[in-house]
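Keep in mind that this is a model prediction, so the values were computed, not measured. What you see below is based on every heavy atom in this structure, not just the backbone, and it leaves out hydrogens, waters and symmetry mates.
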Amino acid sequence: MSGVQRWLGLGVSLYVCGLLEPSTVVRPGPAAASLGTPEDPSADGPHPRAKRSWVWNQFFVLEEYTGTEPLYVGKLHSDMDRGDGSIRYILSGEGAGAVFTIDDATGDIHATQRLDREERPQYTLRAQALDRRTGRPMEPESEFVIKIQDINDNEPRFPDGPYVATVAEMSPVGTSVIQVTATDADDPSYGSSARVVYSILQGQPYFSVDSKTGLIRTALMNMDREAKESYEVIIQAKDMGGQLGGLAGTATVNISLSDVNDNPPRFPQKHYQMSVSESAPVSSTVGRVFAKDPDEGINAEMTYSLLEGDGLDAFDISTDPDFQVGIITVRKPLSFETKRSYTLKVEGANRHSELRFLSLGPFQDTATVHISVEDVDEPPVFELGTYFVEVPEDVEIGATVRTLSAADPDVTNNSIRYSIDRSSDPGRFFYVDITTGALMTARPLDREEVPWHNLTVLAVEMNNPAQIGSVSVTVKVLDVNDNAPEFPGFYEAFVCENARAGQVIQTLSAVDQDDPQDGQHFFYSLGPEAANNANFTLWDNRDNTARVLTRRSGFRQLEQKTFQLPILVADGGRPPLSSTGTLTVHVCSCDEHGDVLSCDAEALGLPASLSPSALIAVLACVFVLLVLVLVVLSWRRRRKRPCVPDDEENVHENIVRYDDEGGGEEDTEAFDIAAMWNPREARAAGGMAGGCGDPSPEIASLSGQVAWGGGGVQGYVLAKLHEADADLWAPPFDSLQTYVFEGAGSAAQSLSSLHSAAGSDSDQSFDFLTGWGPPFQKLAAMYGVSEARGPPW
């Protein structure tokens with residue numbers, strides 16, 4: 001038996017909000033008609049179909065019920081229910097028990113909560129009939145739907161509001177601005193609860209709205225942005241087709257008018273009066289003009305130009321892009337004395353002419369500008385902006401090289417005085433006449449020393465020294481032939497003993513400080529004294545160089561080592577100048593290849609065949625010899641070093657002349673005469689204190705030559721002088737001075753006071769018979785000689 005045949009039909013009575021009477025019976029539809037009773041498996045014949053009453057599987061209930069009692073939805077009833085309470089009805093599914101309840105005995109269904117279709121439009125539930133005693137299903141479980149019927153409980157809303165829109169000013173009527181859309185949460189398929197109609201509450205007569213689509217359009221022509229720039233429009237959306245009782249919602253639309261170039265520029269005044277000083281520099285500002293344009297942005301951008309007038313060549317006009325003003329500037333230097341006023345016609349026009357709206361215009365305006373030139377006290381002005389002068393370097397002192405002229409440009413025409421700015425002429429080569437402006441030379445000019453002079457000449461007004469004009473004067477010193485050519489250095493040549501005739505031994509060139517316009521031209525020849533030289537000849541290359549060649553072969557060092565060859569070089573100036581140089585030729589011995597081996601010339605270097613290793617060996621030998629010489633010198637100095645009783649070792653050798661009388665005691669105090677002591681005492685002292693051993697040769701020589709009975713001291717001094725002159729290795733710090741001889745042969749005769757009338761008690765007494773003077777007393781004490789023995793000579 002199939003499942004369908006097992007179903008038992010449910011009879012359902014429906015009472016919905018008074019729409020159906022309790023006795024009303026709804027006939028089953030086509031779907032219900034297919035339901036049958038269970039088949040009998042023992043039947044052999046055709047399956048009989050039990051007659052069913054009606055079957056209902058859908059209920060309806062209105063939303064937003066506000067009553068206090070539960071809302072009756074409908075009734076479930078089974079054909080097997082005999083009304084004796086033996087059938088128990090059970091409800092399950094969406095909202096069962098919470099939203100919907102059922103009377104298990106009668107099958108009545110009620111809604112216990114307030115329903116909202118916008119939250120949930122329907123509920124799907126399942127019903128079952130059970131045997132109350134056994135709990136067995138009397139029929140299969142049946143599914144049914146409870147739909148929530150809509151009422152107009154939601155007003156239209158604008159989800160995208162508020163709106164912002166822009167439309168160009170001066171737009172024609174009907175120009176689309178923006179479309180607004182309202183939505184209604186009610187059921188659009190049930191009644192007119194969701195049918196919305198649009199209308200405009202605020203914004204007329206400038207704008208209108210389509211009632212069905214919500215499209216906003218312009219409704220008035222010539223809306224001017226300059227008059228009113230923005231509008232606030234309020235749109236209403238009403239459901240129920242706009243009928244009375246429908247719900248409504250609103251939205252705000254802010255509409256701004258965008259600018260178009262519908263206004264031409266206008267000058268607030270037609271005539272401008274300006275003034276400018278005649279000393280105003282080029283590009284300086286004279287004044288400004290401004291044409292007003294009520295438009296904005298690029299529609300208000302201006303451009304200014306000069307149309308006509310007598311100042312088109314003296315003034316310019318430009319546009320300031322930030323402030324849209326016209327700036328009039330000076331185009332060239334002005335002069336009050338030349339022209340005192342100008343008139344200009346200025347035009348101001350919109351820059352972007354392609355944006356001009358419709359046929360309005362013209363989009364430009366003109367104004368007249370009068371400019372007055374103001375007079376100022378100007379400095380003197382020279383006739384030329386700069387001066388260029390060429391002067392030969394042999395020009396005479398005081399010669400006028402150029403006359404400069406300056407004048408006062410003012411109407412007063414003050415007198416002018418001229419001078420040179422000395423910082424531009426530190427050498428004082430020029431001066432200018434104070435009244436005439438004549439520029440003259442003050443010193444000889446020398447192109448080779450200063451070829452250019454850049455002078456600044458000043459012109460000062462007599463009545464107003466503060467007004468000073470200046471001009472630059474460039475003086476070029478022209479060359480004259482005042483310098484003879486000469487050789488750049490000392491020429492030295494070498495000729496081999498085996499040289500052949502006609503062999504080039506030297507190439508010569510000359511220099512000349514002059515700078516002729518056609519270039520230098522030198523001419524070479526042998527000096528007159530060497531015109532018939534049998535050894536060498538000279539060949540002029542005609543390119544400012546010359547060659548020296550041998551005239552014969554077979555030179556010999558033994559016969560003549562050097563030759564002096566005078567060479568004359570002359571320039572091509574007018575008059576020509578010349579000089580003579582000497583070429584020194586050394587005769588050298590050479591190998592078969594012509595390489596020099598040896599010669600007496602100082603400039604001769606090492607042979608070309610000398611290898612680097614041989615050169616290093618020679619240098620090493622030289623270094624060893626130098627070391628040996630230094631060692632020998634050090635050893636000899638140590639041997640000759642005297643042994644003295646004290647530290648006074650640096651006794652300088654002096655040659656003392658006695659043509660004058662001398663300084664008396666000061667002479668004896670100025671020098672150490674310890675070396676004149678008794679040689680024996682010196683030897684004894686040296687042996688005890690010096691620690692030197694045997695007496696030195698100097699002490700031995702002193703012992704052998706000093707004798708107290710004669711002139712031994714003088715002889716000893718002469719002997720030591722001769723010995724020092726003969727010894728080439730002795731340094732000049734060994735010396736011995738003596739002061740016991742007055743000297744002889746003085747051209748001034750004797751200036752001594754030995755025969756003076758001074759008494760014996762005087763410190764200046766030199767009477768050796770009656771008493772010794774203080775100097776000789778000191779000397780005698782040093783030599784151990786008493787006064788009774790007499791002087792030590």
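The stretch residues 194-217 participates, sequence neighbours left out, in no salt bridge (Lys or Arg N to Asp or Glu O under 4.0 Å) pair at all. Identified under the salt bridge (Lys or Arg N to Asp or Glu O under 4.0 Å) test for residues 313-326, with sequence neighbours left out: Asp313-Lys332, Asp316-Arg331.
When only modelled atom types and interatomic distance are considered, Gln364 and Asn350 share no side-chain donor-acceptor pair under 3.5 Å. Side chains of Asp295 and Asn263: a donor on one and an acceptor on the other come within 3.5 Å. Counting only N and O atoms by type, the side chains of Asp184 and Asn154 include no donor and acceptor under 3.5 Å apart. Side-chain contact check for Asp377 and Asn464: at least one donor-acceptor pair (N or O, by modelled atom type) lies under 3.5 Å.
At a threshold of 4.5 Å between non-hydrogen side-chain atoms, the residues Val233 and Thr252 do not count as touching. Side-chain contact check for Ile327 versus Val286: every heavy-atom pair is 4.5 Å or farther apart. Side-chain atoms of Gln179 and Ile216, non-hydrogen and from C-beta on, never get closer than 4.5 Å to each other. Side chains of Ile146 and Leu125 form a contact here, defined as non-hydrogen atoms less than 4.5 Å apart. Using a 4.5 Å heavy-atom cutoff, the side chains of Ser372 and Arg340 are not in contact. Put simply, the side chain of Pro121 does not reach to within 4.5 Å of the side chain of Ile148, judged on heavy atoms. Side-chain atoms of Val471 and Thr456, non-hydrogen and from C-beta on, never get closer than 4.5 Å to each other. The shortest side-chain heavy-atom distance between Val289 and Met274 falls under the 4.5 Å cut-off.
In plain terms, the two heavy atoms of Tyr198 and Ala182 that are nearest each other are OH-N, 2.8 Å. Between Tyr206 and Met223, the closest heavy-atom pair is CB-SD, 3.9 Å. For the pair Leu115 and Tyr123, the tightest heavy-atom approach, listed with the atom from each and the gap, is CD2-OH, 4.1 Å. Shortest non-hydrogen contact noted between Ala168 and Val260 is CB-CG1, 4.2 Å. Looking at every heavy atom in both residues, Pro281 comes nearest to Val330 through O-CB, 3.8 Å. The nearest pair of heavy atoms linking Phe158 to Ala237 is CZ-CB, 3.5 Å.
When the shell of 6.0 Å around CZ of Arg132 is examined, it contains more than 12 heavy atoms from other residues, nucleotides or ligands. More than 12 heavy-atom neighbours from other residues, nucleotides or ligands sit within 6.0 angstrom of CD on Gln269. Atom NZ of Lys228 has more than 12 neighbouring heavy atoms from other residues, nucleotides or ligands inside a 6.0 Å radius.
Using cut-offs of 30° and 60° for the angle between ring planes, the His370 and His271 rings count as parallel.
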**Request:** Could you go through the side chain to side chain contact (heavy atoms under 4.5 Å, CB included) check for Glu63 and Asp153 one step at a time?
**Result:** CA-CA 9 Å; Glu63 65 172 337; Asp153 60 342; 3.5 Å; yes
**Request:** Could you please spell out the steps behind the salt bridge (Lys or Arg N to Asp or Glu O under 4.0 Å) verdict for Glu155 and Lys238?
**Result:** CA-CA 7 Å; Glu155 71 276 5; Lys238 190 174 184 180; over 6 Å; no
**Request:** Dump the intermediate steps for side chain to side chain contact (heavy atoms under 4.5 Å, CB included) on Phe207 and Ile178, then the final yes or no.
**Result:** CA-CA 11 Å; Phe207 300 95; Ile178 190 175; over 6 Å; no
**Request:** For Val346 and Leu307, run side chain to side chain contact (heavy atoms under 4.5 Å, CB included): C-alpha distance rounded to whole Å, both residues' side-chain angles, the deciding distance at 0.1 Å, then the answer.
**Result:** CA-CA 6 Å; Val346 180; Leu307 297 182; over 6 Å; no
**Message:** Go through it in stages, so that I can follow the logic: the residues are Asp224 and Asp262, the test is side chain to side chain contact (heavy atoms under 4.5 Å, CB included), and I'd like the CA-CA distance, side-chain angles, deciding distance and then a yes or no.
**Reply:** CA-CA 9 Å; Asp224 191 359; Asp262 59 340; 3.8 Å; yes
**Asked** side-chain hydrogen bond (donor to acceptor under 3.5 Å, both in side chains) between Ser78 and Glu139: does it pass, once the steps are laid out?
**Response** CA-CA 8 Å; Ser78 173; Glu139 293 184 12; 2.4 Å; yes
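Without hydrogens or angle criteria, Thr112 side chain to Val99 main chain gives a donor-acceptor distance under 3.5 Å. Under the 3.5 Å distance criterion, the side-chain polar atoms of Arg82 are left unmatched by any main-chain donor or acceptor of Asp84. Under the 3.5 Å distance criterion, the side-chain polar atoms of Thr218 are matched with a main-chain donor or acceptor of Thr175. A side-chain donor-acceptor contact under 3.5 Å links Thr134 to the backbone of Arg136. Between the side chain of Tyr304 and the backbone N or O of Gln324 there is at least one donor-acceptor pair closer than 3.5 Å. Between the side chain of Glu278 and the backbone N or O of Val376 there is at least one donor-acceptor pair closer than 3.5 Å. The closest donor-acceptor contact from the side chain of Gln273 to the backbone of Val369 lies at 3.5 Å or more, if one exists at all. The main-chain N or O of Gly348 is never found under 3.5 Å from a side-chain atom of Asp365 such that the two would form a donor-acceptor pair. Under a 3.5 Å cut-off, the side chain of Glu169 and the backbone N or O of Arg225 do form a donor-acceptor pair. A distance-only check finds no donor-acceptor pair linking the side chain of Glu374 to the backbone of Ser275 [under 3.5 Å].
To the nearest 0.5 angstrom, Asp131 atom CG is 6.0 Å from Ile87 atom CD1. Put simply, CG on Leu76 and CD on Gln128 are 12.0 Å apart, with the number rounded to the nearest 0.5 Å. Atom CE of Met170 sits about 5.0 Å away from atom CG of Asn222, to the nearest 0.5 Å. To the nearest 0.5 angstrom, Phe315 atom CZ is 10.0 Å from Leu306 atom CG. Note that OG1 of Thr319 is 6.0 Å distant from CZ of Arg351, once rounded to the nearest 0.5 Å. Rounding to the nearest 0.5 Å gives a distance of 6.5 Å between CG of Asp186 and CZ of Arg117.
Cation-pi check for Lys339 over Tyr342 is met; the charged atom lies under 6.0 angstrom from the ring centroid and within 45 degrees of its normal. Seen from the ring of Phe267, Lys270 does not count as a face-on cation partner, given the 6.0 Å and 45° thresholds.
Exactly one residue among Asp104, Asp108, Thr106, Asp81 makes a side-chain hydrogen bond (donor to acceptor under 3.5 Å, both in side chains) with Tyr89. That residue is Asp81.
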